[in-house]
Amino acid sequence: MAHAPRPPPGVGAQPVARSLGRVLQTGDGGRGPKRRRRIGRPGRSVGRPWGQRAGWSACAGCRRPSPSARTPRRISVTDRPSIPYRFDPDATAAGLQEKYDGLEAGVETGDEVTIAGRLMLRRGQGKLVFGQLADSSGRIQLFAPADVTPRFEDFGKLSLGDWIGVRGEVMATRKGELSVKVLEWTLLAETRRPFPDKWHGMTDPDTRYRQRYVDLWVTEEARRGFQLRSKLVSLTRRWLEDRGFVEVETPVFHPIPGGALARPFTTHHNALDQELYLRVAPELYLKRLIVGGFERVFEIARVFRNEGLSPRHNPEFTMLELYQAYADWTDIMRLVEELVAHLATELLGTTSITYQGRDLDLSVPWRRATLADLIEEQIGRPVGLDTPLDELRALCDEHDVPWKDSYGPGKLLLELYEKTAEGEQWDPVFVTEYPIEVSPLARPHRELSGMTERFEGIVAGRELCNAFSELLDPDDQRARFEDQAKDKAAGDDEAMAVDEDYLRALDYGLPPTGGLGIGIDRLVMLLADAASIRDVVLFPTLRPEQDQVSVAAAEGGDGTEADTDRVV
RNA sequence: GCGCCUCUAGCUCAACGGCAGAGCAAUGGACUCUUAAUCCACAGGUUGGGGGUUCGAAUCCCCCGGGGCGCACCA
């Protein structure tokens, strides 16, 4: 009710106020609950779910237009106390659907339950109202006959989207629809804004991302995706803990950004008067922990990269990184394929999945192929680190791969691979043997000079993980850092800096270690069949809405110079 | 950052140089078994913002803003 958009101030409020007053009047007229539920802590009587409310009738003359919403208030400030402080549902929609599955049409069970949720559909039938209540588990029909449901008139006037609590009897209608016959009900929250079309829902991506709270109620797939994400993370933790991995938390603020080739966000700590970077990877801290004696560690780390947005990139995203002492890259390959197959089996019941309409086989073992082999598959010519620079450059030109004079053969190979081969992969493949030149933290290959024991897992044409036998040698690491620093000095924003403390840690001795980083968002995309990373990130990074920017500007400025360094 | 597309009622969409419309939601009413209920009535708009062309602009052009996709960068 009262959802006419943009009403003139003060108009349209009267009838609404009156009916609303009734909605809030919870007098039970002799039809009180059989068992009064006690809520609040023992000894205190803070609001009773079905009890009388004081003050509701005072609202008729005090209505005024809502300051923010386009729709007028239906509950005045003085009415607010009639919303109970607690509510105790003892059943869920899905739980009832499961428990009473197959209940015969017309049966009244005599079982009373208390449920709560949003009213998502409503169908009036004169002296009978049908509703559909949605909670986090699912939906169930409400059955409200005039001679049974208290404040029947008001029940029929509830807005789609209102939260209500209901006590009622489990029954099946004559048509066989499982329902709860409403014996008591109370308003738990009104919606002052109309919900989107009950059939078409919400399709505008911008609105879905900005107002995820609405999207989650109206878009089934959205809920499913995020539930899957939650389960995936939980299963991953359990799986790793079962294998002796210890979960840790390392700093988000890094004095020296490291662990990945990426542009960091910068910020400033006032008390330390210190520039800090938001981490682009937790890698160097986790390897310090191996030095410190944690033999198997992992972190599910939110990381931040100051780079473009795309359907596959969000500036903040979640990486699982893990490090296992005494393991090498082959151990990590097995770990990755087993973990992913385990997650697919647990979440989807199979390793034969469909992604974006195309079959995808995640079953173990995954294919192994060298980076050079995959390039050759695409361009029909063998290449390697010993291919003359001129030839590699010519090949790049031939395949529209841009290159710079500073690129050595390793970088040229990587560029060729990424532009010609990576996107062509579909079923999982471990791409092995990355050049040292492009792998500043990976240990040199035990047999091939110029190469590292590094691999990436590619699934559905995109990188899912990056892993290697870790570089142990402090002198080699220092040399690699210095090469990176040279690039950085030459203007490469993504190059690493020399991290003296990390080198000191290596001086104390890092044992042979296998390490891994998996993009959790992309893994969820794969298993949730999501086309965009924004479908698996609850609140993806967006340009702020205009009026929010002005609010932020007005509230900012506490006089410190840090204001100019705010990370946006 | 560049290119293409897009923005119309709360939501989903029409109208594509000639009176801005429909369905759902809302509002008033009818209905005791509905399933996106149905039926009657009623209301709802600075067509993202600004400028221009035109007798006339939601429609064509320019600028600005939001978003989507692609490229670039990356995971």
Side-chain angles (χ1 to χ4, degrees), chain A residues 1-7 11-12 15-16 19 69-72 74 105-106 120-132 139 141-149 152 156-157 159-161 171-179 181 191-211 214 218 260-263 280-281 303-320 400 402 418-419 422 456-458 462-466 492-494 517-523 525 531-534 540 542-546 549:
Chain A
M1 59 185 75
H3 277 156
R6 300 184 189 179
V11 173
V16 171
S19 65
R70 290 174 170 180
T71 54
R74 298 183 304 123
M120 299 306 277
L121 289 175
R122 194 196 53 230
R123 294 181 283 273
Q125 275 290 317
K127 297 274 179 276
L128 180 61
V129 168
F130 296 91
Q132 197 173 59
R139 295 187 178 197
Q141 178 163 278
L142 299 177
F143 179 84
D147 53 359
V148 168
T149 299
F152 175 77
K157 287 177 179 170
S159 288
L160 299 188
M171 55 163 288
T173 61
R174 278 180 219 157
K175 293 283 173 62
E177 176 86 14
L178 183 69
S179 306
K181 191 200 284 177
T191 174
R192 284 158 37 167
R193 297 174 188 254
F195 262 59
D197 189 290
K198 63 189 176 188
W199 184 245
H200 298 99
M202 200 178 234
T203 60
D204 177 34
D206 185 39
T207 316
R208 290 190 51 211
Y209 301 147
R210 286 191 200 280
Q211 302 185 40
V214 180
V218 275
L261 302 172
R263 223 153 97 191
V280 295
V303 299
F304 309 86
R305 299 189 182 176
N306 205 340
E307 282 149 5
L309 291 78
S310 88
R312 290 162 294 282
H313 302 90
N314 198 59
E316 53 178 308
F317 63 102
T318 304
M319 276 212 324
L320 165 68
D400 296 321
E418 286 182 348
K419 300 295 186 301
E422 186 174 282
E456 289 192 357
I458 307 298
R462 61 178 80 121
E463 180 184 341
L464 179 70
C465 71
N466 182 19
D492 183 349
D493 291 333
E494 289 156 11
I518 293 188
I520 291 293
D521 312 85
R522 290 192 174 175
L523 185 54
M525 284 172 69
S532 169
I533 195 170
R534 298 184 198 98
L542 297 171
R543 197 169 256 113
E545 286 176 274
Q546 210 53 50
V549 172

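Residue numbers begin at 1 in each chain, while the letters A, B, ... track the order of the sequences.
Backbone-only engagement by T203(A) is indicated by non-hydrogen atom pairs under 4.0 Å involving sugar-phosphate atoms exclusively. In this structure, Q132(A) reaches neither bases nor backbone, as no heavy-atom distance under 4.0 Å exists between it and the strands shown. At the heavy-atom level, G124(A) lies under 4.0 Å from base atoms of the strands shown. Within 4.0 Å of I518(A), counting heavy atoms only, lies no atom of the nucleic acid at all. As judged by a 4.0 angstrom heavy-atom cut-off over every strand, Q125(A) is placed among the base-contacting residues.
The nucleotide whose nearest atom lies closest to any side-chain atom of D197(A) is, among A26(B), C24(B), C69(B), C24(B). With C11(B), U32(B), G68(B) as the candidates, the nucleotide lying closest to the side chain of K127(A) is U32(B). When each of C33(B), C71(B), A75(B) is scored by its nearest atom to the side-chain atoms of R312(A), the top-ranked nucleotide is C71(B). Of the candidates A72(B), G67(B), U35(B), the closest approach to any side-chain atom of K419(A) belongs to A72(B). Of the candidate nucleotides C73(B), G23(B), A75(B), G23(B) has the atom nearest to the side chain of H200(A).
Take F130(A) and apply the ring-ring contact (aromatic ring centres under 6.0 Å, His included) test, not counting sequence neighbours, and it matches F143(A).
In this structure, CZ in F195(A) is found 5.0 Å from CE in M120(A), a value given to the nearest 0.5 Å.
In this entry the distance linking CE of M120(A) with C1' of A25(B) reads 12 Å, nearest Å. To the nearest angstrom, C1' of A72(B) lies 15 Å from CG of N306(A). Rounded to an integer number of Å, the gap from CH2 of W199(A) to P of A36(B) is 6 Å.
Q211(A) and R193(A) share no donor-acceptor pair across their side chains, judged by distance under 3.5 Å alone.
Annotated stems with RNA chain B as a participant read B:1-7 with B:65-71, B:10-13 with B:21-24, B:27-30 with B:38-41, B:48-52 with B:60-64, given as range with range, by first number; only runs of 3 or more Watson-Crick or G-U pairs under 3.5 Å qualify.
Within the 3.5 Å criterion, the main-chain N or O of D493(A) finds no donor-acceptor partner in the side chain of R263(A).
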